[in-house]
Structure formats: structure tokens, C-alpha cells
Participant: 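Please read through the structure below; I'll follow up with questions.
Sequence lines set the chain letters: A, B, ... in the order given, protein chains first and strands last, and positions in each chain run from 1.
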Amino acid sequence: MRLFDTLSRTERELRPIDGTTFRFYCCGPTVYGPAHIGNFRTFVLQDVLRRSLETGGTRTLHVRNITDVDDKTIRDSQKAGQSLTEFTAGWTEKFHADCEKLGLLPPHIEPGAVEHIPQQIVMIQTLIDKGNAYASDDGSVYFKISSFLGYGRLSHLDQRELDLGKTQNTRASSDEYEKDSLSDFVLWKARRPEDGENFWPSPWGEGRPGWHLECSAMIQEYLGDSFDLHSGGVDLIFPHHENEIAQSQCACGGHFAAHWFHITHLLVDGGKMSKSLGNLYTIEDLAAKGFTPMEVRYVLIGAHYRKPLNFTLDSLSGAREALAKLAKGARQLAAKSDPDSRLTSAGFGPFQAAWDSLTNDLNTPGALGGIFTGLREASQLTGTEASAALAGLNRVLRALGLTLPEAADLDSVEIPAAIQALAATRWQARLAKNWAESDTLRAQLAEQGWLMKDGKDSYTLEPAAS
RNA sequence: GGCGGAGUAGCCAAGUGGUAAGGCAAUGGUUUGCAAAACCGUCAUUCGAGGGUUCGAUUCCCUCCUCCGCCUCCA
């Protein structure tokens, strides 16, 4: 498996440092509302990476945090009149439900920030002891950027640009003047009145942890000083991941992440998604429009992770047709394969190209194309060859996390008596070659959501596509 | 201003120094009373614009145009 690394800006082979398990960390959601499809693009691609590694025979250890304390969670919990714990628990539950619908494998470990405050305090103290951090008069603690020479390597910002940033950015929060340098970032935020009940004791006074430090402490706890890969959306490159590197390398002394995997933002209708434009979709929003989570997943993996993805409702409709076509192809292949075949072919057969795309910098759209092409080739196969091809197809589908829709089971659909009566009337009219009435009745059925298909000697009724 | 990314058919979207995957939509045919479904086909001499390198460039280089992201707590 080859993957582009943000830090070195090269494609590199992914191999577990410890030779057995590929250990990686993903920045998880801040649970103050429902996650939207932009968030899920990142999580879905991370899921495909994990599934691909596992399909390729590599064991994984997947850690993804829940950010359950920050300005937004505190602010919105107060608005909702709930405790922070209560508030974030609700949204965490919602997030998990969405993840399951999208077919995301649950991380092996999912730490929350609040329950790791002791570890965070220890790390901050270490940074102070080593001279990489300092407490200000108000009880906040800041990281001293000038103490870490590697600062800016990930985001390719040098000192001059960091200085430029501070002159261009004049927004001043209440505690900013406490810093030695405007570029220094906060590790521990002193308690403020608007925090309400949300503060914790520390050697520097009551307060709460800074966002960047939460991740560093949880990584240290579960993955140690050095691990295989760190991932998130491109917006996290600076400052979040840059700051994590500084904190962790200074406090722990290890190499931190060996590989950086960043997923590009998606666009909606060609532009940035925003609430005010009404194009910020959640899984629930799309379900209300009749789209399934698997259709959403298909669209999200339909573009390469390093390119912008233009999300549209039309592309979701296209995904439905494409998934149906895939499902049909898979069924036809299954029908022709040898049911007694115990062939456990390790290969991918006609789907080798699809798999190769996936292992080549996680080219998911290339893999989807390879599946359709493979299906065409596989249609010539029968018996054990078809079985082997089917096994290869299923392997690629599993790596992509795609679950294909079942064939519509018409027998299981309840048809209301009134609809059945209407259909029977129409069938008689049709047999009598009364085309006008026949067409009128068919239109009536359609209005009520039923599609009547005429066969030679009989007809079928099925719910019209939504 | 700095850093980074993108411009490929109506739409979504791969890819490559050697002549453009795939999906959706559209469309022709078979079938059907007409449809639907199904099946068989068609669908970019061309890859934002202009130069350059090359036997050959969409792919490398230069210039320009357009769009997008980040520049201190947004996936």
C-alpha cells in the first residue's frame, strides 16, 4: 500500500513500525452537533484506508478521539441547558449511529478528551519542566514556539510567515496579551466566567485543556512516542497538527507520526458548504430526501482524497443507479459461480486492476472504475473461475466498505387492497385493448406511488422509485 | 501578501511522454398497444488559454486566466 505523506510530500509504502500492527490516529469529531457529509468524507476515507490495509493482510490499531470539551461544546451545552457531559454524550451517540449507517468500522479505541485530563496535565508539566512552555499570570499555559526548531515543517510555514500571520491577524482574545509571542498557542486555558461549571483543577489553577494538547496526550497514552500514521482533514494541518508535533516531540522525544494522511475538503455545488447557503447536509438531511447512507458513501469515495469532491444531489441519484448496477453484476456472477467451490483464491482475478488502484495512493475512483470493467470481463466466466472472480470482487468491495443493495423482494412488499383492485381493473381494460382507460389507470397508480409493469400473461406491481 | 490544491464530455470523475478508465444522464435498436424493465449499441480527434522542450504532451517547463482551501482552536 502506497500513500502520499503530507510532511515529506512523497508517496511512501505503508509498513508498521513494529512489524506487526499498523497503529494510527484520526482526529475525531467535536461533538456539539450532527456531523455533516464533509466530516464524513474524512472519516470514510480513513475507513477505506484501514479496510484496505486489513484486506492486504495488515493488522491495524485504529484510535479516534472524541473532542468533548472546547469553546463550542461548552457554549452550546449551556444554550441547550444541559451539562457538558450530558450534551456531548447525546451528540456522540448520534455520531456513532451515523457511522454505523455509513458502514464505518468502529475504532479499536475511542478516547474522550475530558476523561484524559490527568494525562494532559502531566504532559503540560513536562513541557514546562523542559522549558517548552510557560504559565502566564492569569493561570493559562502556553507553548513556546521559539523553543522548537521544527515548528512549521508540516505546514511549510517558516518563521517569517508566522510573524506575518501575527501582524495580519489582529483578532485578540482576552488572554492573548499574556503570551510572550503572539504565535504561541495555549496548552491550558485559565477558567473564565463563561465556562460555567466546566473547569478542572491544575497546578496552574482552575481551567481546561487546549484542543491541540488533548490529542497529543491521548496519542501518548495509546500509541506512545512514535506510531505509524496520523490523519484528519486538510484544515487541521495548520495549526492543529503542527502544534501536536511540537508538543509531542518536545514532551515525549519520539518521532511522533511516521506518516501524515490528510483528506481534502469537499465542495457542495462547486462552493464551500455552509449553513447560510443551505447546503450543509447531514446523513439525516439526505435520508429525508430519500437517499441511503450507502449512496452517500459511494459518492464520498467517488473522488480521489487529495482532490476536491463536488457533492451534488444529482451525484447521489447517480450513485443509486451505479450501486444497483454493481449489485446486479455481483448477483449474476454469483449465479454462475460453482456453489461447491471451496477455492480460496488469494488473488483478485478480473478485479486486480481495481485492487491495484486502491493500493496506489488509495485511488478509490480508480477502484470503482476497475470494478465495472472487471465485472464486464467476469461475465464470461463460469464455475470455479466465476467463484474466484466473485471472491476477488467481494474483497475489493469489503475494502471500499460498500454493501450492495439486495434485489427487491417483491413478495415481501405489502400491496394495499385498493391498489390491487385498481391494478386488476386496469389489467382487464388492457386485455380489452381499451388503451385510453388503461393508460389513465396506470397514471393513477403512479400518482399513488406504484409502478405497474405489464408482462405477457401477467403484471407486477412495485413501489415507484423515490 | 504567504503556503497549498484544482481546471478532462451535459454532470460526477480516473489516468498517462505515445495518442483519453468508469459511473450518471442522453440517445439509436430489439421488445412493448404505448410505456416500464431487460438486452445490444452510440456518446471527448480531445484534456482552462497561449507559448516552449520532444519524433510525439492532456501528461514536462514558462506565462496567463478562472476557481477553491489554509494563514492560530473548521473534517
Side-chain angles (χ1 to χ4, degrees), chain A residues 6 9 26-30 35-46 67 70-72 145 152 155-158 160-162 164-169 171 173 176 179 182-186 189 210-214 231-240 242-243 262-267 270-274 298-299 302-304 306-312 314-323 325-326 328 353-354 357 360 363-376 430 433-436 438-439 442-443 446 451-456 459-460 462 464-465:
Chain A
T6 311
R9 299 195 183 186
C26 302
C27 286
T30 301
H36 52 69
I37 52 170
N39 298 308
F40 281 120
R41 181 186 192 192
T42 297
F43 299 134
V44 164
L45 265 297
Q46 289 164 345
T67 299
D70 79 324
D71 291 344
K72 294 186 297 274
I145 281 182
S155 51
H156 301 266
L157 294 171
D158 60 24
R160 187 181 58 81
E161 285 150 13
L162 290 166
L164 187 68
K166 83 183 172 193
T167 56
Q168 288 214 333
N169 197 310
R171 80 173 91 151
S173 74
E176 229 168 4
K179 303 181 193 178
L182 276 170
S183 302
D184 289 351
F185 58 89
V186 71
K189 303 178 92 156
W211 176 45
H212 313 301
L213 190 93
E214 295 170 2
S231 174
V234 281
D235 58 313
L236 296 185
I237 293 173
F238 189 85
H240 187 55
E242 195 72 73
N243 292 354
H262 289 106
I263 293 94
T264 300
H265 281 347
L266 65 68
L267 306 173
K272 192 176 180 177
M273 193 168 44
S274 78
Y298 187 94
V299 171
H304 187 88
R306 280 202 280 143
K307 283 193 173 183
L309 159 62
N310 191 17
F311 188 93
T312 63
D314 281 350
S315 61
L316 271 178
S317 305
R320 168 165 305 172
E321 298 306 319
L323 280 168
K325 188 170 175 173
L326 275 183
K328 197 176 136 200
S357 290
N360 179 21
N363 187 347
T364 49
L368 289 174
I371 288 177
F372 284 100
T373 308
L375 232 27
R376 201 166 300 135
R430 187 174 173 274
K433 298 195 190 300
N434 189 344
W435 309 130
S438 171
D439 290 349
R442 181 165 58 195
L451 186 65
M452 185 165 176
K453 295 180 181 177
D454 301 336
K456 203 161 184 69
Y459 59 88
T460 60
E462 53 186 78

Participant: Send over the distance from A:Asp70 CG to B:rC74 P, rounded to a whole Å.
Facilitator: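 Distance check: A:Asp70 CG to B:rC74 P gives 7 Å.
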Participant: Let's see if you can work this out: which of B:rC74, B:rG69, B:rC3 has an atom nearest to the side-chain heavy atoms of A:Val234?
Facilitator: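 Of the options given, the side chain of A:Val234 lies nearest B:rG69.
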Participant: Residues two or more places apart in sequence or in another chain: which of them pass ring pair (Phe, Tyr, Trp, His ring centres under 6.0 Å) with A:Phe372?
Facilitator: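 In terms of ring pair (Phe, Tyr, Trp, His ring centres under 6.0 Å), with neighbours along the sequence ignored, A:Phe372 is linked to no residue.
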Participant: Which value, in whole Å, describes the distance between the C1' atoms of nucleotides B:rG7 and B:rA14?
Facilitator: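 Those two atoms are separated by 15 Å.
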Participant: Quantified in whole Å, what is the P atom distance between nucleotide B:rU53 and nucleotide B:rA44?
Facilitator: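 It comes out at 32 Å once rounded to the nearest Å.
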Participant: Judged by each residue's nearest nucleotide on RNA chain B, which is more toward the 5′ side, A:His265 or A:Phe185?
Facilitator: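 Looking at RNA chain B, the more 5' nearest nucleotide goes with A:Phe185.
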Participant: Mind listing the closest non-hydrogen atom pair of A:Trp211 and A:Leu236 along with its distance?
Facilitator: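 Heavy atoms only, the tightest pair is CH2-CD2, 3.4 Å.
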Participant: Could you give the distance from CD1 (A:Ile145) to CD (A:Glu242), rounded to the nearest 0.5 Å?
Facilitator: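 Taking CD1 in A:Ile145 and CD in A:Glu242, the distance rounds to 8.5 Å.
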Participant: Just how far, in rounded Å, is C1' of B:rA75 from CZ of A:Phe311?
Facilitator: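 Going from CZ in A:Phe311 over to C1' in B:rA75 covers 15 Å.
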Participant: How many whole angstroms separate atom NE2 of A:His262 from atom C1' of B:rC74?
Facilitator: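 Rounding to the nearest Å, NE2 of A:His262 and C1' of B:rC74 are 13 Å apart.
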Participant: Check A:Leu267 against A:Pro308 and note the closest heavy-atom contact, atom names and distance.
Facilitator: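 Here A:Leu267 and A:Pro308 meet closest at CD1-CB, 4.1 Å.
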Participant: Which residues satisfy the salt bridge (charged side-chain N to carboxylate O under 4.0 Å, His left out) test with A:Lys72, sequence neighbours excluded?
Facilitator: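 Result, salt bridge (charged side-chain N to carboxylate O under 4.0 Å, His left out) vs A:Lys72: A:Asp70.
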Participant: Any side-chain heavy-atom pair from A:Leu368 and A:Tyr298 closer than 4.5 angstrom?
Facilitator: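 They are in contact (side-chain heavy atoms under 4.5 Å apart), so the answer is yes.
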Participant: Does A:His304 get its side chain close enough to the base of B:rA14, under 3.5 Å, for a donor-acceptor pair?
Facilitator: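 For A:His304, whose side chain was compared with the base of B:rA14, there is no donor-acceptor pair (under 3.5 Å).
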Participant: Could you state the CD1-C1' distance from A:Ile37 to B:rA75, rounded to the nearest angstrom?
Facilitator: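 A:Ile37 atom CD1 is separated from B:rA75 atom C1' by 12 Å.
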Participant: Applying ring pair (Phe, Tyr, Trp, His ring centres under 6.0 Å), name anything that partners A:His304, two or more places apart in sequence or on another chain.
Facilitator: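 Checked A:His304 against ring pair (Phe, Tyr, Trp, His ring centres under 6.0 Å); zero matches.
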Participant: Please identify each residue that fulfils side chain to side chain contact (heavy atoms under 4.5 Å, CB included) with A:Arg41, with sequence neighbours left out.
Facilitator: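 Residues passing side chain to side chain contact (heavy atoms under 4.5 Å, CB included) with A:Arg41: A:Leu45, A:Ile263, A:Thr264, A:Leu266, A:Leu300, A:Ala303, A:Leu309.
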Participant: Under 4.0 Å, counting only non-hydrogen atoms across every strand here, what does A:Gly232 touch: a base, just sugar-phosphate, or nothing?
Facilitator: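 Since only primed, P, OP1 and OP2 atoms lie under 4.0 Å of A:Gly232, the category is sugar-phosphate.
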Participant: Using 0.5 Å steps for rounding, measure from the NZ atom of A:Lys189 to the CG atom of A:Asp71.
Facilitator: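 Here the interatomic distance stands at 4.0 Å.
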Participant: Could you work out, with side chain to side chain contact (heavy atoms under 4.5 Å, CB included) as the rule, every residue matching A:Lys328, not counting sequence neighbours?
Facilitator: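 Per chain and number, A:Lys328 pairs via side chain to side chain contact (heavy atoms under 4.5 Å, CB included) with A:Arg331, A:Gln332.
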Participant: Separation of A:Leu309 atom CG from B:rC12 atom C1', in whole Å?
Facilitator: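 Atom-to-atom, A:Leu309 to B:rC12, this comes out as 9 Å.
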Participant: Do you know the tightest heavy-atom contact between A:Ser357 and A:Ala367?
Facilitator: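 Where A:Ser357 meets A:Ala367 most closely, the heavy atoms are CB-N, 3.5 Å.
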Participant: Scan nucleotides 21-26 of chain B nucleotide by nucleotide, 5' to 3', and note B when protein non-hydrogen atoms come under 4.0 Å of the base, S if they reach only the sugar-phosphate, - if neither.
Facilitator: BSSSS-
Participant: Of all the nucleotides listed (B:rA6, B:rC70, B:rA13), which has the minimum atom distance to the side chain of A:Pro308?
Facilitator: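 Looking only at side-chain atoms, A:Pro308 lies closest to B:rA6.
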Participant: Specify the residue among A:Ser357 and A:Ile263 whose closest nucleotide of RNA chain B lies further upstream toward the 5′ end.
Facilitator: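 Going by which nucleotide is closer to the 5' end, it is A:Ser357.
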Participant: So which nucleotide from B:rC68, B:rA75, B:rC3 ends up closest to the side chain of A:Thr30?
Facilitator: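 For the A:Thr30 side chain, the nearest candidate turns out to be B:rA75.
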Participant: For the pair made of CG in A:Leu316 and C1' in B:rC11, what is the distance, rounded to whole Å?
Facilitator: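 Atom-to-atom, A:Leu316 to B:rC11, this comes out as 13 Å.
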Participant: For A:Ala319 versus A:Val299, what's the shortest heavy-atom pair and its separation?
Facilitator: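 Scanning both residues, the minimum pair turns out to be CB-CG2, 3.8 Å.
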Participant: Write down the distance separating the P atoms in B:rU58 and B:rG51, rounded off to the nearest Å.
Facilitator: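 About 12 Å, rounded to a whole number of Å.
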Participant: Less than 4.0 angstrom between a side-chain N/O of A:Asn310 and OP1 or OP2 of B:rC12, yes or no?
Facilitator: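 Looking at the OP1 and OP2 atoms of B:rC12, one of them is under 4.0 Å from a side-chain N or O of A:Asn310.
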Participant: Who pairs with A:Asp439 by side chain to side chain contact (heavy atoms under 4.5 Å, CB included), at least two apart in sequence or on another chain?
Facilitator: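 Residues passing side chain to side chain contact (heavy atoms under 4.5 Å, CB included) with A:Asp439: A:Arg442.
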Participant: Of all the choices, B:rA14, B:rC3, B:rA75, which nucleotide is nearest to the side chain of A:Asn363 once you look at every atom?
Facilitator: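 So the side chain of A:Asn363 is nearest to B:rA14.
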Participant: Could you run through nucleotides 27-38 of chain B and give me one letter per nucleotide, 5' to 3': B if any protein heavy atom sits under 4.0 Å from the base, S if only the sugar-phosphate is that close, - if neither?
Facilitator: ------BBBBSS
Participant: When the C1' atoms of B:rU59 and B:rG17 are considered, how many whole Å apart are they?
Facilitator: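 It works out to 7 Å between them.
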Participant: Using the P atom as the reference point in each nucleotide, state the distance between B:rC60 and B:rC47 in Å, no decimals.
Facilitator: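 About 15 Å, rounded to a whole number of Å.
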Participant: Under the ring pair (Phe, Tyr, Trp, His ring centres under 6.0 Å) rule, collect the residues that match up with A:Phe43, sequence neighbours excluded.
Facilitator: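 Per chain and number, A:Phe43 pairs via ring pair (Phe, Tyr, Trp, His ring centres under 6.0 Å) with A:Phe95.
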Participant: Kindly give the heavy-atom pair with the smallest separation between A:Gln46 and A:Gly232, and that separation in Å.
Facilitator: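 Heavy atoms of A:Gln46 and A:Gly232 come nearest at NE2-N, 3.6 Å.
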Participant: With a 4.0 Å cutoff (strictly under), does any side-chain N or O of A:Arg9 reach OP1 or OP2 of B:rG4?
Facilitator: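 Answer yes for this pair, as a side-chain N or O of A:Arg9 is under 4.0 Å from OP1 or OP2.
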Participant: Take atom P in B:rG1 and the same atom in B:rU63, then report the distance between them in whole Å.
Facilitator: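 Pairwise P distance, B:rG1 against B:rU63, rounds to 15 Å.
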Participant: Given atom NE2 of A:His240 and atom P of B:rC74, what is their separation to the nearest angstrom?
Facilitator: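 Going from A:His240 (NE2) to B:rC74 (P), I get 10 Å.
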Participant: Give me the distances for all protein-to-nucleotides 7-9 of chain B N/O pairs that come in under 3.5 Å?
Facilitator:
| from | atom 1 | to | atom 2 | distance (Å) |
| --- | --- | --- | --- | --- |
| B:rG7 | OP1 | A:Lys307 | NZ | 3.2 |

Participant: Expressed in whole Å, how much space separates the P atoms belonging to B:rA9 and B:rG22?
Facilitator: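 The same atom, P, in both gives a distance of 16 Å.
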Participant: Take atom CG of A:Asp235 and atom C1' of B:rG5, then tell me their distance rounded to the nearest Å.
Facilitator: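 About 14 Å, once rounded to whole Å.
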Participant: If you write RNA chain B from 5' to 3' in dot-bracket form, with Watson-Crick or G-U pairs under 3.5 Å, [ ] for crossing pairs and | for pairs with another strand, what do you get?
Facilitator: (((((((..(((.....[...))).(((((.......))))).....(((((..]....))))))))))))....
Participant: In whole Å, measure the gap between the P atoms of B:rU72 and B:rG50 for me.
Facilitator: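 It comes out at 39 Å once rounded to the nearest Å.
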Participant: Using the side chain to side chain contact (heavy atoms under 4.5 Å, CB included) criterion, which residues pair with A:Thr312? Sequence neighbours excluded.
Facilitator: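 In terms of side chain to side chain contact (heavy atoms under 4.5 Å, CB included), with neighbours along the sequence ignored, A:Thr312 is linked to A:Asp269, A:Asn310, A:Asp314, A:Ser315.
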